[in-house]
Number of protein chains: 2
Amino acid sequence: MNIHSSPSFRPLYDQIKILITQSLIAGEWRPGDAIPSEIDLASRFKVSQGTVRKAIDELAAENILIRRQGKGTFVASHSQERASTRFLRIARDEGVFEYPTSQLLSVTRERAPEGSASLLDLRTGASIFCIKRLLSFEGIPRIFDEIHVPAVSFKGLDDAMIRNYTGSLYSFFESHFGIAMIRAEEHIKAVKAGPVEAELLHVNLDQPLLRVDRVAFTYGDRPVEWRRGLCHTERFSYVTEMS
Amino acid sequence: MNIHSSPSFRPLYDQIKILITQSLIAGEWRPGDAIPSEIDLASRFKVSQGTVRKAIDELAAENILIRRQGKGTFVASHSQERASTRFLRIARDEGVFEYPTSQLLSVTRERAPEGSASLLDLRTGASIFCIKRLLSFEGIPRIFDEIHVPAVSFKGLDDAMIRNYTGSLYSFFESHFGIAMIRAEEHIKAVKAGPVEAELLHVNLDQPLLRVDRVAFTYGDRPVEWRRGLCHTERFSYVTEMS
DNA sequence: TGTGTTATATCTTATATAAGTTATATGTTA
DNA sequence: TAACATATAACTTATATAAGATATAACACA
C-alpha cells in the first residue's frame, strides 16, 4: 500500500493543471495575458519543466491556453481572431464562413425560470439578466437568441454597455466581467416557428427552425450562461465534427 | 540552412504517426488488435520510446488508438462497448442514453447522385450501395437513415448480411469489409417531413425534423460513407459539445 | 487460492538541441 | 549625426533522447 493506491491520487501534472486553473479562476492571469514560462512555473511549483509542459499541453488541447513558439503561453481570449468561430457553428452550406451582424433587442432583469436556473446551478427565481438579440447573415435575420446569465456574476450589465461594444458577446463578457467561456454543451431540436420568432426571422408560423439550447462554462467547469437560439437554416447549416 | 528549414519538414513523431497510420491502412493491425509495445515500435522505427509515445498520444487523442495501462495499445474498434455512443448523438432529453433498435428497410445498388458522389470523391453515377433503415427508441421510430457507400469498397454487401449481424452498422463495416470509421462531419438543418418520412416516423407532413447529413472518414481521412438522417426530436435531442 | 514474475503503459525527472521572437548592440550609409 | 540595416544575444516553446520509479494486468506456479 502506498500513496498512489489512494483513491484521491492524482498524477503531478494533473495537480499542476489544477493549480494553473486556480490561478485563472483567481484572475492572476487574465485572458490575453502571457502566463509565466515553463521554467518559471516549474520552479514555482517545484516540479520539472516536463511536468509543467504536460499540464500546459492538456490545457492547450482544451483551448484554455494557447502556446506560441518563441513568444510564450497565453490565456485564451475571445478577443482573439481565431476565437470568433469557436462557438458559432452556423455556416453557409457552401462552407465559406461569414460573420453575422448582431441586433440587440432587449436586456432585462428577470427571475430565473426553472429550466435555466437548474442548468446554471441557481435557485428558481434567482436574479438573472435576459438578453435578446437577432443575428443576421448578409442582412437576412437567421438566429433569434435568448440568453440568460446570473445577475450576481454580471453586476451592472445593461443595454448600452452591449450596444457600445464592438465584438462578440463572449469577448464582451470577458473584458467587462472577467468571465471567460471555455466550454459549452448544446442540445438541438427541430421545432415550428412561434409567432415571435416567425416575425423576427421573417418566416411562416409553421416554418421548421433549429432550436439550439446551450449551457456555457467558465474555468473550473462552472456554468455561467444559458441560451436558446432559434435558427432559420435555409442555405445555412449547423456544422459539427466528431471522432 | 538545414533540413529543418525545408518546407516539407515534419517532426519525427509526426513521421511515426504517418508510419503507424500506414500500417493501419495496410491492415497490419486490425481494429481490436493490440499494436506492438512502445519499446518494440521504437526499435522498429529507430527512434526513442518517448517519440513513439508522443505519436501514440496524438493518435489516442484522435480516438484511433486506445491505450490501456498494463495491457497495451489497441486499435480502436466499433465493436467495443464505449464506441456505441461515439457517433450517435441523439439522446433522451433527460440525458439517459438508450440504444435504438434498427429496422432494415432496403439495400440496393444505385448510381451515385451528384451530392454524395462528390463528397465521397466518386464520379457522379459511380456504383454505390444505398441502405435505408429506421431507428427506434422504446419502440417508437425516431430516425430514418439513408446511407451511401461506394460499391467498390463494400463488395458483396447485401440485405441478408446486415440482417444477420447483431451490432452497429460501423461494427459491421469493420468486421466484414475491414473499413473502420474514425471521424465524421455533420451538417444539420431543420426541415419539414416529406411523405416518405412522415409515414415511416408516424408524423404529420408539416412536422419539423432534424436533417443530419454526415460524411464519415476512415484511416488517412478517406471519405467512405455519406448518410442523411431525418430525426423526429420529440423528447430527444441532438447533443454536442464544443471547446 | 494466493504469490511472485513479467510485460505493459504511466509518471517524473533530466539533458540537449532546434527553432521562433524580440530587444539590443553594432555597423553602414545618407 | 540620424536613419536604417544587420548581427548578436537572450528569451521562449518544440523536439528528441534517456533513465528510473510506479501502476496495472496477465500468467505461471506453488
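When reading the values below, keep in mind they use all heavy atoms of this one structure, side chains included, and skip hydrogens, waters and symmetry mates. Computed from a predicted structure; not experimentally measured.
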By salt bridge (charged side-chain N to carboxylate O under 4.0 Å, His left out), which residues pair with [X], not counting sequence neighbours?
X	value
A/R53	A/E38
B/D57	B/R67
B/E174	none
B/D33	none

With sequence neighbours left out, which residue pairs that include part of residues 16-31 of chain B fulfil the salt bridge (charged side-chain N to carboxylate O under 4.0 Å, His left out) condition?
-> B/K17-B/E58, B/K17-B/E62, B/E28-B/R44

Inter- and intrachain pairs under salt bridge (charged side-chain N to carboxylate O under 4.0 Å, His left out), touching residues 147-157 of chain A, at least two apart = none

Separation of [X] atom [atom1] from [N] atom [atom2], in whole Å?
X	N	atom1	atom2	result
A/L41	D/dT12	CG	P	11 Å
A/K17	C/dT12	NZ	P	13 Å
A/F74	C/dT22	CZ	C1'	12 Å
A/L12	D/dG20	CG	C1'	15 Å
A/L65	D/dA14	CG	P	11 Å
B/D57	C/dT12	CG	P	14 Å
B/K46	D/dA16	NZ	P	17 Å

Picking from C/dT12, C/dC11, D/dT17, which would you name as closest to the side chain of A/K54?
-> C/dC11

List for me each residue that meets side-chain contact (heavy atoms from CB on, under 4.5 Å) alongside B/F74, sequence neighbours excluded, and say none if there are none.
-> B/A34, B/R68, B/K71

Walk me through it: do B/E138 and B/R235 pass the test salt bridge (charged side-chain N to carboxylate O under 4.0 Å, His left out)?
-> CA-CA 12 Å; B/E138 321 165 305; B/R235 303 214 320 277; 3.1 Å; yes

Output a table of nitrogen or oxygen pairs between the protein and nucleotides 5-9 of chain D separated by less than 3.5 Å.
none

Every protein N/O lying under 3.5 Å from an N/O of nucleotides 7-9 of chain C:
| from | atom 1 | to | atom 2 | distance (Å) |
| --- | --- | --- | --- | --- |
| C/dT8 | O2 | B/G70 | N | 3.4 |
| C/dA9 | OP2 | B/E38 | N | 3.2 |

Of B/F173, B/Y170, B/Y165, the one forming a ring-ring contact (aromatic ring centres under 6.0 Å, His included) with B/H78 is B/Y170

For C/dC11, does OP1 or OP2 lie under 4.0 Å from any side-chain N or O of A/Y13?
-> yes

